[in-house]
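Reviewing the structure listed below.
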Protein chains: 2
Amino acid sequence: MERTHGNGPGASAPVWSSALREHGRRVTRQRLAVLDAVERHPHSSADAILAMAREDLPELTPQSVYVVLGDLTDLGMLRRFEPPHSPALYETRVGDNHHHAICSVCGRVEDVECAVGHAPCLTPSETHGMTIMIADVTYVGVCSDCAAKQHTPPSGPPQTLPST
Amino acid sequence: MERTHGNGPGASAPVWSSALREHGRRVTRQRLAVLDAVERHPHSSADAILAMAREDLPELTPQSVYVVLGDLTDLGMLRRFEPPHSPALYETRVGDNHHHAICSVCGRVEDVECAVGHAPCLTPSETHGMTIMIADVTYVGVCSDCAAKQHTPPSGPPQTLPST
DNA sequence: CATTTATTTTGAGGAAGTCACAATAAGGGG
DNA sequence: CCCCTTATTGTGACTTCCTCAAAATAAATG
């Protein structure tokens, strides 16, 4: 079928290809499709990534997505985080120490810069002798849209947890 | 059967009983056994809690543990957190805004007071309009024991992820 | 002690992810 | 350009962690 969903992979493909090679990985359509999907829709689950990547590579399988996501995450090309009561989400924004804010009503995820501008959360007061490598910070709250809906329940039933 | 494993439940039972009643819950042996297990071993998984609670209540079922843990967590009597690549862990220390440090080698979990002593992580720089309710902070690192073992690999095989 | 109904148990089932092995295709040499 | 090696993907079964509905049990109350 024709590509009616905007720009297919290929826009950032050269960048991903060289990055993969630099990590000693072969450049496969599966990896490119996954990387492209994650880049176009950050904070996506493996399931959502599969669906998006299949727009360009219909024969892609769930298992391959899991394998690719795991490998690229270990490589540092992707970042994974696991919100409570949700499957793992992935994003291409790596290297900086940014955090995430999740709306407990609709499940929407936003990036959040580190609080005091320079990784204060990486310096806990007492580490019990542990050498801290990373600080995973997740804010949970209610986004403005959902807050408005909560106060004026017009038609839809009140949701309690994210579904997608 | 006699109680040979030290102090059974009953030490803090009166406290838990009144707390349960204050929340409009009936005082059952299952709930007391779960609460006692979590109090004795903080940062335990549902599975571990089941095993511990069964020392005093052998007929306790996994499903009951899940139900009780979920309900008590919603009530605020327990706190749940979900480390990456691990089932949910529970603790009785609630109300304060403390965080957790996890050893990525052995899976050990330690409590960590909030970084700058007064919930700095609750104040992200940019919230995209979200009203932040809670900040979940998880530090991942290597504890001193595992760091020592890493440098001197004497006999045991090198572990990579927590198992219990 | 009897009654009410919250709680637990029983049993099935689902979501998310893993593992082993066969099939495929990317990259390098000729 | 074709072949070969082996990384990668696909296939299929399986595990873990957890949830749901309905029947059985046991707190709390009078």
Side-chain angles (χ1 to χ4, degrees), chain A residues 13 16-35 44-51 53-54 56-75 77-78 80-90 107 160-164, chain B residues 13 16-35 44-51 53-54 56-75 77-78 80-90 107 160-164:
Chain A
W16 293 133
S17 296
S18 50
L20 285 169
R21 270 188 258 267
E22 283 165 18
H23 284 286
R25 293 297 185 273
R26 292 181 180 175
V27 179
T28 66
R29 284 182 303 164
Q30 288 84 346
R31 282 202 254 249
L32 291 178
V34 166
L35 283 165
S44 294
S45 64
D47 209 47
I49 292 166
L50 172 67
R54 271 183 167 167
D56 290 299
L57 194 61
E59 65 269 32
L60 183 65
T61 63
Q63 290 76 356
S64 295
V65 172
Y66 281 120
V67 171
V68 167
L69 287 174
D71 184 51
L72 296 183
T73 301
D74 291 343
L75 253 46
M77 290 182 63
L78 292 180
R80 160 173 42 207
F81 72 104
E82 305 179 22
H85 307 288
S86 164
L89 305 183
Y90 296 84
T160 51
L161 271 181
S163 55
T164 302
Chain B
W16 293 134
S17 295
S18 50
L20 284 170
R21 269 188 260 266
E22 283 166 18
H23 284 284
R25 294 295 184 275
R26 291 183 180 174
V27 178
T28 66
R29 283 181 303 164
Q30 288 86 343
R31 284 203 252 250
L32 292 178
V34 165
L35 283 165
S44 294
S45 65
D47 208 48
I49 292 166
L50 172 67
R54 272 184 167 167
D56 289 300
L57 193 61
E59 65 269 31
L60 182 65
T61 64
Q63 289 77 354
S64 295
V65 173
Y66 282 118
V67 171
V68 168
L69 288 174
D71 184 52
L72 295 183
T73 301
D74 291 343
L75 253 46
M77 290 182 61
L78 292 179
R80 160 173 40 209
F81 72 104
E82 305 179 23
H85 307 289
S86 164
L89 306 183
Y90 297 84
T160 51
L161 271 181
S163 55
T164 302

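Lettering follows sequence order; numbering is per chain, from 1.
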Side-chain N or O of [X] closer than 4.0 Å to phosphate OP1/OP2 of [N]:
| X | N | result |
| --- | --- | --- |
| A/Ser45 | C/dA16 | no |
| A/Thr61 | D/dG10 | yes |
| A/Thr28 | D/dT9 | yes |

For [X] and [N], give me the distance from atom [atom1] to atom [atom2], rounded to whole Å.
| X | N | atom1 | atom2 | result |
| --- | --- | --- | --- | --- |
| A/Phe81 | C/dA16 | CZ | P | 15 Å |
| A/Asp71 | C/dT18 | CG | C1' | 15 Å |
| A/Asp74 | C/dG17 | CG | P | 14 Å |
| A/His23 | D/dT8 | NE2 | P | 13 Å |
| A/Leu20 | D/dT9 | CG | C1' | 15 Å |
| A/Glu59 | D/dG10 | CD | P | 7 Å |
| A/Leu32 | C/dA26 | CG | P | 10 Å |
| A/Leu50 | C/dA15 | CG | C1' | 15 Å |

(message) Checking B/Arg54 now: which residues fulfil side-chain hydrogen bond (donor to acceptor under 3.5 Å, both in side chains) with it, not counting sequence neighbours?
(response) none

(message) For A/Thr73, give me all partners under side-chain hydrogen bond (donor to acceptor under 3.5 Å, both in side chains), at least two apart in sequence or on another chain.
(response) none

(request) Would you mind classifying the nucleic acid contact of B/Val67 as base, sugar-phosphate or nothing, using non-hydrogen atoms under 4.0 angstrom? (result) nothing

(request) Please work out if A/Val27 contacts a base, only the sugar-phosphate, or nothing of the nucleic acid, heavy-atom cut-off 4.0 Å. (result) sugar-phosphate

Could you go through nucleotides 13-21 of chain D and list every protein N or O atom that sits under 3.5 Å from one of its N or O atoms, giving the distance for each pair?
residue, atom, partner, partner atom, Å
D/dC18, OP1, B/Ala88, N, 3.2

(message) To check you understand the geometry: which heavy-atom pair defines the closest contact between A/Val65 and A/Leu60, and what is its length?
(response) CG2-CD2, 3.7 Å

(request) Apply salt bridge (Lys or Arg N to Asp or Glu O under 4.0 Å) to B/Asp47 and list each qualifying residue two or more places apart in sequence or on a separate chain. (result) none

(message) Using the rule given for side chain to side chain contact (heavy atoms under 4.5 Å, CB included), can you reason through B/Leu57 versus B/Val34, listing the C-alpha separation, both sets of side-chain angles and the distance that settles it, and then say yes or no?
(response) CA-CA 10 Å; B/Leu57 193 61; B/Val34 165; over 6 Å; no

(request) Can you sort out the partners of A/Ala88 under side chain to side chain contact (heavy atoms under 4.5 Å, CB included), two or more places apart, ordered by chain and number? (result) A/Arg80, A/Glu82, A/Tyr90

(request) Using side chain to side chain contact (heavy atoms under 4.5 Å, CB included) as the criterion, list what pairs up with B/Ala19, not counting sequence neighbours. (result) B/Met77

Could you pull out the protein-nucleic contacts involving nucleotides 22-26 of chain D (nitrogen or oxygen on both sides, under 3.5 Å)?
none

(message) Please compare A/Arg31 and B/Arg21 by the position of their nearest nucleotide in DNA chain D and report the one closer to 5'.
(response) A/Arg31

Between side-chain atoms of residues 26-33 of chain B and protein atoms elsewhere (two or more places apart, or another chain), which donor-acceptor pairs fall under 3.5 Å?
residue, atom, partner, partner atom, Å
B/Thr28, OG1, B/Arg31, N, 3.1
B/Arg31, NE, B/Arg26, O, 3.1
B/Arg31, NH2, B/Arg26, O, 3.4

(request) With side chain to side chain contact (heavy atoms under 4.5 Å, CB included) as the test, would you mind laying out the steps for A/Leu35 and A/Val68 before giving the verdict? (result) CA-CA 9 Å; A/Leu35 283 165; A/Val68 167; over 6 Å; no

